[in-house]
Amino acid sequence: MSGFSSHWLGLREPVDHVSRSASVQATMLDCLRQRHGVDLLGLRLLDLGSGSGSNMRALVPLLGSKQEWTLVDYDQALLDVSRQLTAQWADEILSEQADGWQVRKAGQTVSIRWLRADLNQDIEHVLVDSNPDMVTAAALFDLISPVWMARFCGALKTPFYTVLTYDGRCAWHPTHEADEDLLTAFHAHQMTDKGFGVAAGPQAAAVLAQCLQAEHFTVVRGDSAWHLSSQHRALLDLLHQGMVQAVEQTGQVSNVRLAHWLATRLNTTDCLIGHEDTLAIPPSWVPKN
Ligand SMILES: C[S@@+](CC[C@H](N)C(=O)[O-])C[C@H]1O[C@@H](n2cnc3c(N)ncnc32)[C@H](O)[C@@H]1O
């Protein structure tokens, strides 16, 4: 178990999909078309930390009529949920193998392979084994250490498109006197080991850009903040509960203040949670023909 519930991932999926940076996404598609042609036919995609498959569901409609995806996660329960959601999402399952399916969705043929792997151990092997045209990720890189990022960027040979990396911005309306202290403690918790060494947390997008540039990738960055309102009540409540649980572990804010903060947050009317999207284009990126 990774600690990320499929309920949480399901609540964030529609918000994640509308929050992505349109400009970074457009640049990503231009970059792929330069090399693979306007139809983007037959691309192989590798999604790191795929969870229940949200990132693939966001990207499939943008790519060509035939696609091959490898979804990698170390949490078998989330890989199983990803399979169940694929069955609901697809119009038709065309074939089923032990490790993957071929499905039809809105006229597109999508091959999906589910791979259980610990990316902290096996990233080099996963990159070689899946032989992708592009590597993708969503809501993953704030869990990752600068050391692992440098290692990953050293092994990366293709375009890389990662979205929704938390960037440290949280702003609520109405405000509460404990907002700032809570956020400081939350960031301290974020910058602990999440399985990849001490995580970069809110610095992740900046550190990632440095690591990519050190390997001579061209880096494009864009804003993908969540803009939440009372219509996102269930997501807000789970977000606030998760923050309080994390802050409790730091011991930096008293339980009385935390309880008051959480009770007040039930009345949150607006909330911004900052994220960033990153596209990296390899130095050798030239059209095939
Ligand atoms: C915040 S969730 C994001 C899931 C999905 N990308 C999405 O956008 O809904 C982070 C994901 O990374 C996975 N993960 C964390 N550490 C991992 C590791 N060392 N190896 C493989 N997957 C990992 C978790 O299991 C989880 O599915």
Side-chain angles (χ1 to χ4, degrees), residues 1-21 24-25 45-60 69-86 88-89 112-127 129-130 132 134-149 151-152 155 160-167 186 189-202 204-205 208 224-226 235 238-239 241-243 245-246 273-278:
M1 276 289 295
S2 63
F4 293 99
S5 75
S6 55
H7 179 52
W8 164 250
L9 298 181
L11 283 174
R12 58 177 294 170
E13 178 163 343
V15 180
D16 280 345
H17 286 195
V18 298
S19 302
R20 290 155 173 260
S21 161
V24 178
Q25 182 175 285
L45 294 313
L46 166 66
D47 191 49
L48 305 177
S50 54
S52 53
S54 166
N55 201 25
M56 178 195 73
R57 286 187 286 278
L59 289 172
V60 161
W69 283 83
T70 301
L71 305 187
V72 190
D73 209 288
Y74 69 171
D75 186 330
Q76 187 58 50
L78 288 178
L79 289 169
D80 292 344
V81 171
S82 176
R83 226 175 247 255
Q84 288 156 17
L85 292 181
T86 298
Q88 293 166 23
W89 168 80
I112 305 163
R113 182 169 71 112
W114 289 276
L115 178 64
R116 187 175 189 193
D118 182 344
L119 294 167
N120 187 40
Q121 303 293 327
D122 294 334
I123 183 61
E124 292 84 1
H125 176 72
V126 166
L127 286 170
D129 170 73
S130 55
M134 180 168 73
V135 179
T136 63
L140 179 69
F141 270 72
D142 39 89
L143 304 176
I144 290 180
S145 67
V147 172
W148 191 94
M149 286 189 212
R151 179 180 145 203
F152 167 68
F160 171 54
Y161 176 50
T162 187
V163 297
L164 297 148
T165 305
Y166 174 64
D167 70 2
F186 178 65
H189 184 272
Q190 272 232 315
M191 296 171 86
T192 58
D193 190 340
K194 309 285 183 189
F196 293 89
V198 176
L208 177 61
S224 55
W226 284 351
L235 180 63
L238 217 53
L239 171 76
Q241 286 161 22
M243 290 181 96
Q245 278 164 17
I273 304 291
H275 296 112
E276 218 185 85
D277 294 355
T278 307

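Residue numbers count from 1 along this sequence. Counting convention: from 1, in listed order, for ligands and their atoms alike. Computed from a predicted structure; not experimentally measured.
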- Query: Quick check: does any side chain N or O of W148 sit under 3.5 Å from a backbone N or O of L119, one acting as donor and the other as acceptor?
  - Reply: yes
- Of all the atoms in ligand 1, which lie at a distance below 4.0 Å from a heavy atom belonging to D75? 25 (O)
- Task: Find all atoms of ligand 1 within a distance of less than 4.0 Å from any non-hydrogen atom belonging to L78, and give their numbers and elements.
- Result: 25 (O), 27 (O)
- Message: Keeping D73 on the side-chain end and L79 on the backbone end, is there a donor-acceptor pair under 3.5 Å?
- Response: no
- Query: Any nitrogen or oxygen of D118, main chain or side chain, under 3.5 Å from a nitrogen or oxygen of ligand 1?
  - Reply: yes
- Min heavy-atom dist G195 to ligand 1 below 4.0 Å: no
- Query: Non-hydrogen atoms of F196 versus ligand 1: any pair closer than 4.0 Å?
  - Reply: yes
- Query: With backbone taken as N, CA, C and O and side chain as the heavy atoms from C-beta onward, which portion of S54 lies under 4.0 Å from ligand 1: side chain, backbone, both, or neither?
  - Reply: side chain
- Message: Any side-chain to backbone donor/acceptor pair from D277 onto S21? Under 3.5 Å, distance only.
- Response: yes
- May I ask you to check whether F152 and F196 place their ring centres under 6.0 Å from each other? no
- Check ligand 1 against A138 and write out every atom of the ligand that is under 4.0 Å from a heavy-atom position of the residue. 3 (C), 5 (C), 6 (N), 8 (O)
- Item | Between D80 and Q84: side-chain donor-acceptor atoms closer than 3.5 Å | no
- With D129 via salt bridge (charged side-chain N to carboxylate O under 4.0 Å, His left out) - residues at least two apart: R113
- Do R151 side-chain atoms and E124 backbone N/O form a donor-acceptor pair below 3.5 Å? no
- Message: If we set the cut-off at 4.0 Å for heavy atoms, which region of S52 has an atom near ligand 1: side chain, backbone, both, or neither?
- Response: neither
- Task: List every atom of ligand 1 that sits less than 4.0 Å from any heavy atom of S50, numbering the atoms from 1 in the order shown and giving each element.
- Result: 5 (C), 6 (N)
- Message: Considering F141, Y166, W148, Y74 one by one, which has a heavy atom nearer to atom 23 (C) of ligand 1 than any of the others?
- Response: Y74
- Item | L119: numbered ligand 1 atoms lying under 4.0 Å from its heavy atoms | 18 (C), 19 (N), 20 (N), 21 (C)
- Item | Region of A117 engaging ligand 1 - heavy atom pairs below 4.0 Å | backbone
- Task: Specify side chain, backbone, both or neither for D73, according to which of its non-hydrogen atoms lie closer than 4.0 Å to ligand 1.
- Result: both
- Message: Within the 3.5 Å criterion, strictly below it, is a donor on D47 or T136 matched to an acceptor on the partner's side chain?
- Response: yes
- Message: Tell me whether ligand 1 is touched by L140 - counting only heavy atoms on the residue side and a distance under 4.0 Å.
- Response: yes
- Task: For residues W8 and F4, establish whether the separation of their ring centroids is below 6.0 Å.
- Result: no
